[in-house]
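Structure, as structure tokens:
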Amino acid sequence: DAGVTQSPTHLIKTRGQHVTLRCSPISGHKSVSWYQQVLGQGPQFIFQYYEKEERGRGNFPDRFSARQFPNYSSELNVNALLLGDSALYLCASSRAPDSYNSPLHFGNGTRLTVT
Amino acid sequence: GQSLEQPSEVTAVEGAIVQINCTYQTSGFYGLSWYQQHDGGAPTFLSYNALDGLEETGRFSSFLSRSDSYGYLLLQELQMKDSASYFCAVRGLSNDYKLSFGAGTTVTVRA
């Protein structure tokens, strides 16, 4: 089975622009989460979607938004990019939103550089 | 919220045993997870402790003591391929399904 796939793998944007990152979960997984990982830090929770509904949001500004489609794939959108948004954006899928019985399966991420 | 502390770096030789400690401050959580991440790669799930005690998965073991707010990951018979970053993580009792990660421990295995 294919793992979690994310596109693009790398992206360079200019301050003020917007970006859309895409994620396809493992087949059969209905929950998708987005995390931001800055170099040298652990992943930071951005959003969690299950059955196309937002179930959780981390401490990120409203410039960050996401959605989940009927096929359970997901998009993360970031508007008005800032230099500080430069990071690795990780998508993770799981069968259910509760990680205690459903571990997260991460994609390889999208490396976003804002100049 | 949740706060997790891990050592930033550990270095050991092939064949050795390494213990990565994780201390946490949280008002409550469902369990302690461990993830491995190689340079430039995706974090991969290693183990999960819902209850106090030791969980063993091959060369890796994980331990949790809720009374001590403490857990650890034990890497045995270290191999060069174990050089990676290791993260402990907890999911709190809030309904946002957020997994909170520590800053990670970089393990370097030397020949």
- request: Take atom CG of B:D39 as the centre, draw a 6.0 Å sphere, and report whether it contains more than 12 heavy atoms from other residues, nucleotides or ligands.
  value: no
Separation of B:K98 NZ from A:F47 CZ (nearest 0.5 Å): 13.5 Å
task: Report, as yes or no, whether the 6.0 Å neighbourhood of atom CZ on A:R95 holds more than 12 heavy atoms from other residues, nucleotides or ligands.
output: no
field: A:R15, CZ: over 12 other non-hydrogen atoms inside 6.0 angstrom
entry: no
Inter-residue atom distance A:Q37.CD - B:F87.CZ, 0.5 Å rounding: 5.0 Å
message: Is B:Q37 close to chain A through its backbone or its side chain, or both, or neither, when contacts mean heavy atoms under 4.5 Å?
response: side chain
message: I'd like to know if A:L11 and A:F64 are part of one continuous hydrophobic network [Ile/Leu/Val/Met/Phe/Trp/Tyr, side-chain heavy atoms within less than 4.5 Å].
response: yes
statement: Under 4.5 Å to a heavy atom of chain B? For A:L88 that would be side chain
- line: Looking only at B:S8, B:P43, B:A103, the option with the highest number of non-hydrogen pairs under 4.5 Å against chain A is B:P43
- prompt: Does atom CD1 of A:I12 have more than 12 heavy-atom neighbours from other groups under 6.0 Å away?
  reply: no
Residues, nucleotides or ligands: over 12 heavy atoms within 6.0 Å of A:H18 NE2: no
- prompt: Which bit of A:Y50 comes within less than 4.5 Å of chain B, counting heavy atoms only: side chain, backbone, both or neither?
  reply: neither
task: Step through it carefully: locate the ring centre of B:Y35, locate the ring centre of A:F106, and say whether they are under 6.0 Å apart.
output: yes
message: Could you report the tightest heavy-atom contact between A:G107 and B:A42, atom names first, then the distance?
response: O-CB, 3.0 Å
query: So, do A:S33 and B:L99 sit near enough that their side-chain heavy atoms are less than 4.5 Å apart?
result: no
- request: May I ask you to check whether B:F101 and A:F45 place their ring centres under 6.0 Å from each other?
  value: no
field: Enclosure of A:L39 CG (heavy-atom neighbours >12, cutoff 6.0 Å)
entry: no
